[in-house]
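The structure appears right after this line, and notes come after that.
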Number of protein chains: 2
Amino acid sequence: MAAANKMNSAEQGAGSSELRAPESRDEILKAAIKLFANRGFHETSMAEVARAANVSKALIFWHFKTKEDLFMAVLNRLLEPYVIDFAEEAGALDEIAQIMQLVELYLMFVRDNASSIRFFVAQLMRGELASDALTGPVMRLYDGYRGLLVDLIGRAQAKALCLKDFPAAAVARMLLSMLNGTLIEMLFAETDHADVASAIAMIRQWLFGGRAGVAKDAPPGL
Amino acid sequence: MAAANKMNSAEQGAGSSELRAPESRDEILKAAIKLFANRGFHETSMAEVARAANVSKALIFWHFKTKEDLFMAVLNRLLEPYVIDFAEEAGALDEIAQIMQLVELYLMFVRDNASSIRFFVAQLMRGELASDALTGPVMRLYDGYRGLLVDLIGRAQAKALCLKDFPAAAVARMLLSMLNGTLIEMLFAETDHADVASAIAMIRQWLFGGRAGVAKDAPPGL
DNA sequence: TGGTTCATTGACCGGATGGTTAGGGATTTA
DNA sequence: TAAATCCCTAACCATCCGGTCAATGAACCA
């Protein structure tokens, strides 16, 4: 059985807008990222991905053995920019400046990766899939970030630079809650830049009171 | 509306383990709530709902015309407890106490409705379905709550009871960010009660500095 | 030139899903 | 008691989905 007749000929004509080489894999990944991000895993069909990537469904299964394989590849691709090392960023700055830089880094990171973060959060929310392959790296990063905060806040408290009414760990947790709250406001309501800037100002005021000590007052990028 | 009549006679006598009267609708709703909540809309099949509710799939389609109808019914059922009037709660208390009571109310509400809130957030995240029927009521409630906060904070600032370095609206927004951040920590990491209590303490400290003025120091329920 | 591998495709398959239908048993109504 | 109504079900259907397969053109290798 199987017709096998071909039918094509059609578009030949040498170059023009034809599909290229094994960068089709990349095309598929990009399409999958977009679709998974704003429709979720279960709601995205391989046929849709194929259509969006301008390839046949079978080709997707040639590149990635299963749908979950594709999903994992998407995960890894999205995880790449998440490896930014927060640590290196701040050199000889005092604790206050370092903390504020971490805060700004967090917010800028969220702003720049809004869509993939939305994706991760959506995935996190339900145990949908791969909760380990997902939870693992993200949580490691998150814990690392919190660790840095606890450390820095502890040192700032020791130098009496920063509010001391609560243990460093609690302050760090609260700071992260503030950041996460601002984050979800950025993601769902569309907070404008002014609001984010004012959030940063309020965080600084909360942590350090009237003290200065920060290099730049209004972060350039935000 | 829902019949409510009858339900009589019921199971006794012959029936053995037989199904009852038009409270089957309720059984279906309860099952659907549970399934939709922790598996989402698309990942929950009508057959599963039927199995979980111990009825036939066809009966579901008799009670609710389509799957989306069932989903809407679930939404409305879940929305019911959300009508709590925050306003009535606080009577003759001063602004500080009222604000702190709102804060506690928010956190307790989240704690008590964790599963349905998780459901709403998951639904909100993607525009999956009914984004109006969903967004509408929840956002109205949320805005109402924020309005109350802005008002109270404004009055507290006027009386110099509360931090005045920022406009009331900004303070309210930040407070909500803190609450939402604490919320997602409660929902996803399992923050224990001590952490929530310390979060409340830190919020009070942030808003009112050393001032007292609050009736109870450690909220009983939390 | 013929063969091997790479990259790609249309057609196909079994299973699950949302939804329908025809009917049946019990209760109410006339 | 006959008709109508309500509540409920098994069986069915069309569609879509993840995944497979045989075939094939192009590039590289002998």
Side-chain angles (χ1 to χ4, degrees), chain A residues 1-29 31-32 35-36 39-74 129, chain B residues 1-29 31-32 35-36 39-73 128-129:
Chain A
M1 39 291 291
N5 42 19
K6 291 346 279 354
M7 55 102 71
N8 65 356
S9 81
E11 55 285 307
Q12 40 47 281
S16 85
S17 71
E18 263 328 287
L19 304 172
R20 296 106 301 179
E23 72 217 32
S24 61
R25 185 193 152 96
D26 223 73
E27 220 58 43
I28 294 171
L29 268 180
L35 285 170
F36 281 149
R39 308 181 28 105
F41 180 80
H42 286 281
E43 300 91 303
T44 302
S45 77
M46 296 303 260
E48 281 173 321
V49 176
R51 208 175 310 125
N54 273 318
V55 298
S56 71
K57 196 175 54 158
L59 183 58
I60 303 184
F61 284 96
W62 186 82
H63 280 299
F64 312 90
K65 238 176 279 290
T66 91
K67 190 186 183 184
E68 304 201 2
D69 263 36
L70 174 60
F71 183 77
M72 291 303 176
V74 166
L129 237 185
Chain B
M1 22 298 273
N5 52 2
K6 308 329 256 56
M7 55 106 65
N8 59 6
S9 85
E11 50 286 316
Q12 36 54 284
S16 82
S17 71
E18 265 324 290
L19 307 172
R20 300 77 349 152
E23 71 218 30
S24 61
R25 185 192 151 99
D26 222 74
E27 221 56 43
I28 293 171
L29 267 180
L35 285 169
F36 281 148
R39 308 180 30 104
F41 180 80
H42 286 281
E43 301 90 306
T44 302
S45 77
M46 296 303 258
E48 281 173 320
V49 177
R51 208 175 310 123
N54 274 317
V55 297
S56 73
K57 196 176 54 159
L59 183 58
I60 304 184
F61 284 97
W62 186 81
H63 280 298
F64 312 91
K65 239 178 277 293
T66 91
K67 189 186 183 185
E68 305 200 1
D69 262 36
L70 173 60
F71 183 78
M72 291 304 177
E128 239 198 7
L129 241 182

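Reminder, nothing fancy here: chain letters follow the sequence lines and each chain counts from 1. Hydrogens, waters and symmetry mates play no part in the numbers below; they use all other heavy atoms, side chains included.
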Original post:
Got a second to check how far Glu48(A)'s CD is from Phe36(A)'s CZ, nearest 0.5 Å?
Top reply: 10.0 Å
Can you give the donor-acceptor pairs under 3.5 Å from side chains of residues 58-66 of chain B to other protein atoms, not counting sequence neighbours?
from: His63(B); atom 1: NE2; to: Ser24(B); atom 2: OG; distance (Å): 2.8
from: Thr66(B); atom 1: OG1; to: Glu68(B); atom 2: N; distance (Å): 2.9
from: Thr66(B); atom 1: OG1; to: Asp69(B); atom 2: N; distance (Å): 3.2

**OP:** Considering just the side-chain nitrogens and oxygens of His63(A), establish if one lies under 4.0 Å of OP1 or OP2 belonging to dT8(C).
**Re:** yes
Tabulate protein N/O versus nucleotide N/O from nucleotides 19-21 of chain D, keeping only pairs under 3.5 Å, one per line.
from: dG19(D); atom 1: OP2; to: Lys67(A); atom 2: N; distance (Å): 2.7
from: dG19(D); atom 1: N7; to: Lys57(A); atom 2: NZ; distance (Å): 3.4
from: dG19(D); atom 1: O6; to: Lys57(A); atom 2: NZ; distance (Å): 2.5

Subject >> Phosphate OP1/OP2 of dC17(D) contacted by Ser45(A) side-chain N/O (<4.0 Å) >> reply: yes
Original post:
In whole angstroms, how far is the P atom of dG18(C) from the CZ atom of Phe71(B)?
Top reply: 14 Å
Subject >> Integer-rounded Å distance: dC8(D) P and Glu27(B) CD >> reply: 11 Å
Original post:
Rounded to the Å, how far apart are Ile60(B) CD1 and dT17(C) P?
Top reply: 13 Å
Subject >> Heavy-atom pair with the smallest gap, counting every atom of Ala53(B) and Ile28(B) >> reply: CB-CA, 3.8 Å
Original post:
To the nearest Å, how far apart are Leu59(B) CG and dG25(C) P?
Top reply: 17 Å
Original post:
Of the non-hydrogen atoms in Ala52(B) and Ala31(B), which two are nearest, and what is the gap between them?
Top reply: CB-CB, 3.9 Å
Subject >> Residues Leu70(A), Met46(A); criterion side chain to side chain contact (heavy atoms under 4.5 Å, CB included); working and verdict >> reply: CA-CA 10 Å; Leu70(A) 174 60; Met46(A) 296 303 260; 4.1 Å; yes
Subject >> Between P of dC7(D) and CD1 of Ile28(B), the distance in whole Å >> reply: 12 Å
Original post:
In whole angstroms, how far is the C1' atom of dC7(D) from the CZ atom of Phe64(B)?
Top reply: 14 Å
Original post:
Between dC7(D) and Ser24(B), is there an OP1 or OP2 to side-chain N/O distance shorter than 4.0 Å?
Top reply: no
Subject >> Inter-residue atom distance Arg51(A).CZ - Lys57(A).NZ, 0.5 Å rounding >> reply: 10.5 Å
**OP:** Return the value, rounded to whole Å, for the distance between atom CH2 of Trp62(A) and atom C1' of dG10(C).
**Re:** 18 Å
Original post:
Between atom NE2 in His42(B) and atom C1' in dC16(D), what is the gap in whole Å?
Top reply: 14 Å
Original post:
Is the backbone N or O of Thr44(B) less than 3.5 Å from a side-chain atom of Lys67(B), with the two atoms forming a donor-acceptor pair by type?
Top reply: yes
